[in-house]
Amino acid sequence: MASAVNAAVSFPSSTSSSLPTRTSTVYSERISFSKNVFYSRNVYVGRKLFHIRAQVTQAPAKVEKISKKDDEGVVVNKFKPKEPYIGKCLLNSKITADDAPGETWHMLFTTEGEVPYREGQSIGIIPDGIDKNGKPHKLRLYSIASSALGDFGNSKTVSLCVKRLVYTNDQGEEVKGVCSNFLCDLKPGADVKITGPIGKEMLMPKDPNATVIMLATGTGIAPFRSFLWKMFFEKHESYKFNGLAWLFLGVPTSSSLLYKDEFGKMKEKAPDNFRVDYAVSREQKNDKGEKMYIQTRMAQYAEELWELLKKDNTYVYMCGLKGMEKGIDDIMVSLAAKDGIDWLEYRRQLKKAEQWNVEVY
């Protein structure tokens with residue numbers, strides 16, 4: 001990335017108008033600050049001594065870290081479509097109010113410890129039945145909504161958060177999503193075909209002192225529920241969260257808010273370590289009268305978020321509708337520009353350092 005450089009050179013008084021072209025450096029000294037780097041150098045040109053001092057404005061350097069993806073204990077693709085794991089539905093409950101625009105369900109399946117997933121991974125579900133060509137339905141992927149211990153705390157279950165897909169096509173016909181309706185209609189005791197687990201992009205950071213910023217729309221809350229349960233509802237010998245978890249959740253109506261009671265209990269339990277901000281687009285507006293989408297809510301904390309993003313132990317996770325990514329980029333572009341930083345290039349550095357993690361659909 002290009003850096004802006006301001007340099008000042010001190011020349012000794014001299015009557016000579018000609019300078020030899022050969023130079024030799026005596027020593028170089030580097031002093032680092034949070035936003036700028038100053039270089040101070042003495043240089044001989046011929047027999048004359050010159051002092052050079054340069055200021056370089058640059059993006060914060062990223063510290064090399066141990067990759068979360070290199071953890072040997074992370075299992076992927078243990079169960080594949082041809083030989084899925086057969087679990088049973090233990091629980092299936094609608095978690096949105098009756099007047100919410102659409103239904104969202106929380107469901108729990110048995111795994112008996114045979115599907116060893118981690119927080120941030122996904123599983124595949126193969127719905128019963130055949131498609132219009134007489135072939136078995138293809139699997140659909142869903143982010144896991146439970147911690148690795150599961151909602152029962154015994155590592156023998158897995159939970160999902162699923163919205164029932166129903167829409168009207170161009171011909172005016174009602175169309176139902178195959179897998180979402182299969183899942184939302186499941187009754188306790190029913191079999192369910194599970195593949196996976198898959199994915200390493202959304203794995204939690206290893207640092208228990210990290211700042212973890214979670215951006216979710218709708219059922220994109222699933223992986224962050226898994227994070228937050230591990231952080232605040234569970235006890236682990238090798239993990240105790242002491243950092244800051246900051247959740248932004250965007251939904252259309254307050255009747256669509258997911259797991260609000262759970263997040264309230266987390267806030268009571270760890271007020272200094274957990275923050276949650278909701279963006280309810282059809283009910284809330286900002287000072288300009290604009291609808292409160294997730295990026296609108298984030299804009300209210302823009303300066304604070306940008307300062308956090310310049311730290312090496314801040315990790316951003318984004319899950320939900322694809323359109324949310326552009327809105328968040330729009331906020332960051334102007335903030336980064338104030339520090340002379342190209343946001344798109346800096347975001348690339350964050351992603352490489354596993355500090356910017358995105359799963360949108």
Side-chain angles (χ1 to χ4, degrees), residues 68-69 71-95 103-166 175-204 218-227 229-230 258 319-320 357 359-361:
K68 62 187 179 184
K69 300 177 183 179
D71 189 334
E72 294 181 359
V74 178
V75 176
V76 294
N77 296 320
K78 179 179 179 182
F79 293 97
K80 299 181 180 180
K82 290 185 178 180
E83 294 183 2
Y85 177 81
I86 308 299
K88 285 193 180 294
C89 177
L90 292 182
L91 173 72
N92 200 2
S93 300
K94 185 160 71 77
I95 56 174
E103 299 178 5
T104 300
W105 293 67
H106 180 84
M107 54 202 67
L108 185 148
F109 309 135
T110 60
T111 65
E112 300 303 327
E114 293 298 321
V115 186
Y117 62 88
R118 293 287 184 90
E119 294 83 3
Q121 288 192 293
S122 300
I123 55 172
I125 300 293
I126 304 174
D128 290 348
I130 56 176
D131 61 20
K132 60 183 180 181
N133 298 316
K135 295 183 178 180
H137 289 298
K138 293 182 179 179
L139 67 86
R140 308 302 199 273
L141 294 176
Y142 292 91
S143 297
I144 296 170
S146 52
S147 72
L149 293 182
D151 289 358
F152 292 167
N154 59 7
S155 301
K156 293 184 178 182
T157 65
V158 62
S159 299
L160 298 181
C161 176
V162 179
K163 182 175 182 179
R164 187 190 295 275
L165 177 61
V166 180
V175 179
K176 295 183 177 181
V178 173
C179 199
S180 69
N181 280 270
F182 165 75
L183 287 171
C184 292
D185 289 336
L186 275 178
K187 299 292 189 274
D191 288 345
V192 57
K193 295 188 282 290
I194 299 171
T195 66
I198 69 162
K200 293 185 176 182
E201 176 69 19
M202 298 290 283
L203 292 173
M204 285 180 69
T219 56
I221 191 64
F224 307 139
R225 180 179 183 265
S226 76
F227 287 13
W229 267 59
K230 181 174 182 178
L258 306 174
C319 188
N357 307 275
E359 190 172 84
V360 292
Y361 43 84

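As a basis for the values below, the full set of heavy atoms in this structure was taken, side chains included, without hydrogen atoms, waters or symmetry mates. In this text the structure is predicted, and so the values were computed from the model without any measurement.
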message: Nearest 0.5 Å, please: how far is NZ in Lys78 from OG1 in Thr195?
response: 13.5 Å

- prompt: Is Tyr85 close to Ile123 at the side-chain level, that is, under 4.5 Å between some pair of heavy atoms?
  reply: no

Exercise answer: donor-acceptor pairs, residues 182-194 side-chain atoms, under 3.5 Å, sequence neighbours excluded:
{"unit_1": "Asp185", "atom_1": "OD1", "unit_2": "Arg164", "atom_2": "NH1", "d": "3.0"}
{"unit_1": "Asp185", "atom_1": "OD1", "unit_2": "Arg164", "atom_2": "NH2", "d": "3.0"}
{"unit_1": "Lys187", "atom_1": "NZ", "unit_2": "Asp185", "atom_2": "O", "d": "3.4"}
{"unit_1": "Asp191", "atom_1": "OD1", "unit_2": "Lys88", "atom_2": "NZ", "d": "2.7"}
{"unit_1": "Lys193", "atom_1": "NZ", "unit_2": "Asp128", "atom_2": "OD1", "d": "2.8"}

message: Is any side-chain heavy atom of Val115 closer than 4.5 Å to one of Phe109?
response: no

query: Can you tell if the side chain of Lys163 reaches within under 4.5 Å of the side chain of Thr104, non-hydrogen atoms only?
result: yes

- prompt: Would you call Leu91 and Thr157 a side-chain contact if the rule is heavy atoms closer than 4.5 Å?
  reply: no

task: Kindly write out the residues that satisfy side chain to side chain contact (heavy atoms under 4.5 Å, CB included) with Ser180, not counting sequence neighbours, or none if the list is empty.
output: Tyr142, Val162, Leu165

message: What I'd like to find out is whether the side chain of Cys161 reaches to under 4.5 Å of the side chain of Arg225, using heavy atoms alone.
response: no

message: Ser147: which residues meet the side chain to side chain donor-acceptor pair (under 3.5 Å) condition with it, sequence neighbours left out?
response: Glu234

field: Inter-residue atom distance Leu141.CG - Ile198.CD1, 0.5 Å rounding
entry: 4.0 Å

message: To the nearest 0.5 Å, what is the distance between NZ on Lys156 and OG1 on Thr111?
response: 9.0 Å

message: If I take atom CD from residue Glu103 and atom CD1 from residue Ile95, how far apart are they, to the nearest 0.5 angstrom?
response: 11.5 Å

Pairwise distance CH2(Trp105) to CG(Asn181) - rounded to 0.5 angstrom: 10.5 Å

statement: With sequence neighbours left out, the residues meeting salt bridge (charged side-chain N to carboxylate O under 4.0 Å, His left out) with Glu112 are none

task: Check whether any side-chain heavy atom of Ser143 sits under 4.5 Å from a side-chain heavy atom of Met202, and report yes or no.
output: no

message: Would you say that Pro136 contacts Ile126 through its side chain, given a criterion of any heavy-atom pair below 4.5 Å between the two side chains?
response: no

field: Glu119 side-chain N/O to Ala148 backbone N/O, donor-acceptor pair under 3.5 Å
entry: yes

message: Which residues pass the side chain to side chain contact (heavy atoms under 4.5 Å, CB included) test with Leu203, not counting sequence neighbours?
response: Lys68, Val74, Arg118, Gln121, Lys200

message: Checking Lys176 now: which residues fulfil side chain to side chain donor-acceptor pair (under 3.5 Å) with it, not counting sequence neighbours?
response: none

Atom pair CG/CE of Leu160 and Met107 - distance to nearest 0.5 Å: 6.5 Å

query: Below 4.5 Å, heavy atoms only, C-beta onward: do Val178 and Asp131 meet side chain to side chain?
result: no

